[in-house]
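In this chain, numbering begins with 1 at the start of the sequence shown. Bear in mind that the values here come from a model prediction, so they are computed numbers and not experimental data.
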Amino acid sequence: MLKLMRVVLVMLLGCLQPGWAADVADALMALSRKTDCPLVVDSYTVGAMSLRGFLDSEQHARARRLLEEGDYDWVVLQDQSQTPAYRPDETLLSVRRWAELARAKNTKVLLFLTWAHATKESGQMRLMVDMQEKTSLTYCRAAVACGARVAPVGEAWARWYELRTEMPLHARDGSHPNAAGSYLAACVLHAALSGKPLKGIPGTLKLGRKEVLRVPGDVAKELQKTANAALKSFDSPQEWLCQQAEVDAGRPGLEAVRPVLQKGVKAAQVAELVGKPFYVSRSRGQVVQQFRLRDGVELCLYCTQRGGGAAGEPYCAGLYGGDY
């Protein structure tokens, strides 16, 4: 007889599309029925609510009671999508508080490392790489601090966007997932919970007669491969943090950039020193290029716009992050 793992999936999402959270919980259960590790999933979700909000709000105290009164093997925690990237200390504290509640119930903690938002470039959806790196950094720090495991959903999304730019995972709002995005999220979550790679899961997922999610069969196969590859490369949060520290150490520091930021400098000269910008935006005759420096500092270069959208001469520079 197959053992049922009981899971409470606490997904705290902002700007929810109707039915999205239920779709992921149902998709996870439906997908699990096609494996040797079926799941029972409870979910409690509220749009734009953070992990801290669920702890501090009497209106949504049921989320906490589910964990305190239930008998779950796992609790899956996801913060509001922008909080880990832009208010990391809040996420770190909230995860710690949830982890303490889970430990009191002998429940293991899995962190749902979310995907970043997307922007449109040349008519195609592009993952906001900087937001993804900040999100991943916060979840990994939280996991190491609390002894939690991580489901690297956002890292799987980043891998997909590197290979399949023509097939986005975001819905049109650039925040929530489309069907393929939800399918990939369910794949990563199940593989992380079961500890087993996925193979041969159909593109149409059902619970009884109810169709929960549908993607083409060939796409489902590629999404499963992407989920497996992401989990294999994301072996431990501590190891990922060490890798990122090495990358950061190889970036130029502010002391190397300051002498270059003089009147008459060209955008190409800055790029030659600090590398390609991680984000470029164009609006009303202006091009803004964002570069990463060491120790979490970001350099924004504000340039005039030439023909064809190319960056002209910089007229202003700004420093953000780190001690700025």
Side-chain angles (χ1 to χ4, degrees), residues 9-34 41 43 45-49 76 78-85 112-133 135-136 139 151-192 198 201-207 210-231 279:
L9 181 59
V10 183
M11 295 190 297
L12 314 176
L13 308 173
C15 306
L16 284 172
Q17 291 178 322
W20 183 84
D23 288 348
V24 167
D26 287 351
L28 181 55
M29 279 196 289
L31 184 150
S32 75
R33 305 293 167 85
K34 301 296 182 180
V41 180
S43 65
T45 60
V46 177
M49 182 64 70
V76 181
Q78 178 195 22
D79 212 345
Q80 192 272 341
S81 61
Q82 298 185 63
T83 305
F112 185 155
L113 191 164
T114 48
W115 55 86
H117 293 178
T119 58
K120 267 198 172 183
E121 296 180 23
S122 303
Q124 289 188 324
M125 285 284 192
R126 304 285 186 186
L127 190 74
M128 294 175 62
V129 177
D130 183 61
M131 181 180 177
Q132 186 60 61
E133 288 187 2
T135 298
S136 297
Y139 275 110
V153 177
E155 292 294 312
W157 277 48
R159 180 180 290 265
W160 179 268
Y161 272 104
E162 288 176 1
L163 302 173
R164 300 293 299 270
T165 55
E166 83 288 355
M167 186 176 293
L169 300 174
H170 288 85
R172 285 179 295 178
D173 66 357
S175 175
H176 297 99
N178 58 22
S182 294
Y183 191 99
L184 181 54
C187 286
V188 176
L189 285 168
H190 188 275
L198 290 168
I201 308 299
T204 301
L205 301 178
K206 293 183 177 181
L207 281 177
K210 176 188 174 184
E211 182 176 302
V212 175
L213 198 60
R214 178 192 291 267
V215 297
D218 59 331
V219 175
K221 185 176 180 180
E222 291 303 312
L223 290 167
Q224 291 166 57
K225 287 182 179 179
T226 301
N228 294 337
L231 281 156
Y279 184 70

Practice item. Measure across A116 and L127 and return the closest heavy-atom pair with its distance rounded to 0.1 Å. Key: O-CD1, 3.5 Å
Review point. Atom NZ of K221 and atom CG of D218: how far apart are they, to the nearest 0.5 Å?
Key: 9.0 Å
Study note, to complete from the structure: Looking only at heavy atoms, the pair that brings Y139 and L113 closest together is CD1-CA, 3.7 Å
Exercise for review: Check whether any side-chain heavy atom of H117 lies under 4.5 Å from a side-chain heavy atom of D173, and answer yes or no.
Suggested key: no
Exercise for review: Could you tell me whether the side chain of Q124 reaches within less than 4.5 Å of the side chain of E166, counting heavy atoms only?
Suggested key: yes
Point to revise | Shortest non-hydrogen separation from W115 to P177 and the atoms involved | key: CZ2-CD, 3.7 Å
Review point. Can you tell me how far the OG atom of S81 sits from the CE atom of M131, to the nearest 0.5 Å?
Key: 5.0 Å
Check your understanding: Do V24 and V41 come close enough that some side-chain heavy atom pair is under 4.5 Å?
Key -> no
Revision key, fill the gap. When every non-hydrogen atom of P168 is compared with those of N178, the smallest separation belongs to O-ND2, 2.8 Å
Exercise for review: With rounding to the nearest 0.5 Å, note down the distance linking CD in E155 to OG1 in T114.
Suggested key: 10.5 Å
Revision key, fill the gap. Heavy-atom nearest pair, W157 first then G181, reads CZ2-CA, 3.5 Å
Check your understanding: side chain to side chain donor-acceptor pair (under 3.5 Å) with E162: which residues, sequence neighbours excluded?
Key -> none
Review point. Quick one: NZ on K34 to CG on L205, what's the gap to the nearest 0.5 Å?
Key: 8.5 Å
Check your understanding: Mind checking whether T226 and L163 have side chains closer than 4.5 Å, heavy atoms only?
Key -> no
Exercise for review: Drop me the distance from K225's NZ to R159's CZ, to the nearest 0.5 angstrom.
Suggested key: 13.0 Å
Review point. How many angstroms lie between CD in Q224 and OH in Y183, if you round to the nearest 0.5 Å?
Key: 4.0 Å
Check your understanding: Within the distance-only criterion (no hydrogens, no angle test), does the side chain of W160 pair as donor or acceptor with the backbone N or O of E222 below 3.5 angstrom?
Key -> no
Practice item. Evaluate the side-chain contact (heavy atoms from CB on, under 4.5 Å) criterion for residues L198 and L31: first the C-alpha distance (whole Å), next the side-chain angles of each, then the deciding distance (0.1 Å), finally the verdict. Key: CA-CA 10 Å; L198 290 168; L31 184 150; 3.9 Å; yes
Point to revise | Partner set under side chain to side chain donor-acceptor pair (under 3.5 Å) for Q132, not counting sequence neighbours | key: S136
Exercise for review: Provide the closest heavy-atom pair for M125 versus A118 in the form atom of the first, atom of the second, distance.
Suggested key: SD-CB, 3.8 Å
Exercise for review: Measure from the side-chain N and O atoms of E133 to the backbone N and O of V129, and report whether any donor-acceptor pair falls under 3.5 Å.
Suggested key: no
Study note, to complete from the structure: The side chain to side chain contact (heavy atoms under 4.5 Å, CB included) partner of L223 among N228, L169, I201 is L169
Review point. In chain order, what residues pass the side chain to side chain donor-acceptor pair (under 3.5 Å) check against Y161, with sequence neighbours excluded?
Key: H170
